[in-house]
K.L.:
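Below you'll find the structure I mean.
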Amino acid sequence: MSDWGPVFIAVILFILLSPGLLFQLPGRNRFVEFGNFQTSGISIVVHAVIYFAFIAILLLAIGLHMYIGS
């Protein structure tokens with residue numbers, strides 16, 4: 001059996017936390033902008049820190065696992 005939990009969680013968080021896709025923190029004109037499809041260097045760093053925090057919480061602290069197959 002393979003543990004697919006880290007793979008699915010990493011892909012979903014990567015898609016959802018892409019700067020400018022759903023939200024951008026900090027935005028260009030306001031602190032939070034939604035769906036502007038633009039990014040900056042600072043927002044990339046902020047989103048990377050948020051991504052790392054969520055990955056660490058879900059995979060290390062909670063220990064989320066998904067076993068697929070027989």
Side-chain angles (χ1 to χ4, degrees):
M1 283 194 283
S2 299
D3 184 13
W4 284 92
V7 175
F8 287 133
I9 295 301
V11 169
I12 290 171
L13 284 178
F14 182 80
I15 291 169
L16 292 177
L17 291 175
S18 295
L21 184 63
L22 295 178
F23 68 97
Q24 181 179 346
L25 183 74
R28 291 183 183 258
N29 300 323
R30 292 178 287 182
F31 185 69
V32 177
E33 293 183 356
F34 296 96
N36 63 357
F37 295 107
Q38 296 177 354
T39 189
S40 66
I42 296 171
S43 68
I44 291 172
V45 171
V46 169
H47 282 260
V49 169
I50 294 170
Y51 177 81
F52 175 74
F54 280 141
I55 284 287
I57 290 169
L58 290 173
L59 298 182
L60 298 176
I62 295 175
L64 188 66
H65 298 283
M66 285 187 247
Y67 294 105
I68 298 175
S70 53

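Model, not experiment: these values are computed from the prediction.
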K.L.:
So if you build clusters from Ile, Leu, Val, Met, Phe, Trp, Tyr with side-chain heavy-atom gaps below 4.5 Å, do F14 and L64 land together?
P.N.:
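They do share one cluster, since a chain of ILVMFWY contacts under 4.5 Å joins F14 to L64.
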
K.L.:
So do the side chains of Q24 and S40 get within less than 4.5 Å of each other, counting heavy atoms only?
P.N.:
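When only atoms from C-beta onward are counted, S40 and Q24 do touch, with a gap below 4.5 Å.
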
K.L.:
Mind checking side chain to side chain donor-acceptor pair (under 3.5 Å) for S18 and listing every partner two or more places apart, or none if nothing turns up?
P.N.:
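Listed in chain order: nothing, the list is empty.
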
K.L.:
Taking distance alone, no hydrogens or angles, what donor-acceptor pairs closer than 3.5 Å link side-chain atoms of residues 46-63 to residues at least two apart or in another chain?
P.N.:
from: H47; atom 1: ND1; to: L17; atom 2: O; distance (Å): 2.9
from: H47; atom 1: NE2; to: L25; atom 2: N; distance (Å): 3.3
from: Y51; atom 1: OH; to: A10; atom 2: O; distance (Å): 3.3

K.L.:
Could you walk me through whether F37 and L21 satisfy the side-chain contact (heavy atoms from CB on, under 4.5 Å) test, starting with their C-alpha distance in whole Å, then the side-chain angles of each, then the deciding distance to 0.1 Å, before giving a yes or no?
P.N.:
CA-CA 5 Å; F37 295 107; L21 184 63; 3.7 Å; yes

K.L.:
Any side-chain hydrogen bond (donor to acceptor under 3.5 Å, both in side chains) pairs touching residues 59-69, not counting sequence neighbours?
P.N.:
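Applying side-chain hydrogen bond (donor to acceptor under 3.5 Å, both in side chains) to every pair that reaches into residues 59-69, excluding sequence neighbours, yields D3-H65.
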
K.L.:
Under a single-linkage definition using a 4.5 Å side-chain heavy-atom cutoff for Ile, Leu, Val, Met, Phe, Trp and Tyr, are I12 and F23 assigned to the same hydrophobic cluster?
P.N.:
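Yes, it is one cluster - the side chains of I12 and F23 are joined through contacts under 4.5 Å.
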
K.L.:
What's the shortest heavy-atom distance between E33 and R28, and which atoms?
P.N.:
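Nearest pair, atom of E33 first, then R28: OE2-N, 3.3 Å.
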
K.L.:
I need the minimum non-hydrogen distance between P26 and S43, along with the two atoms involved.
P.N.:
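That would be O-CB, 3.9 Å.
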
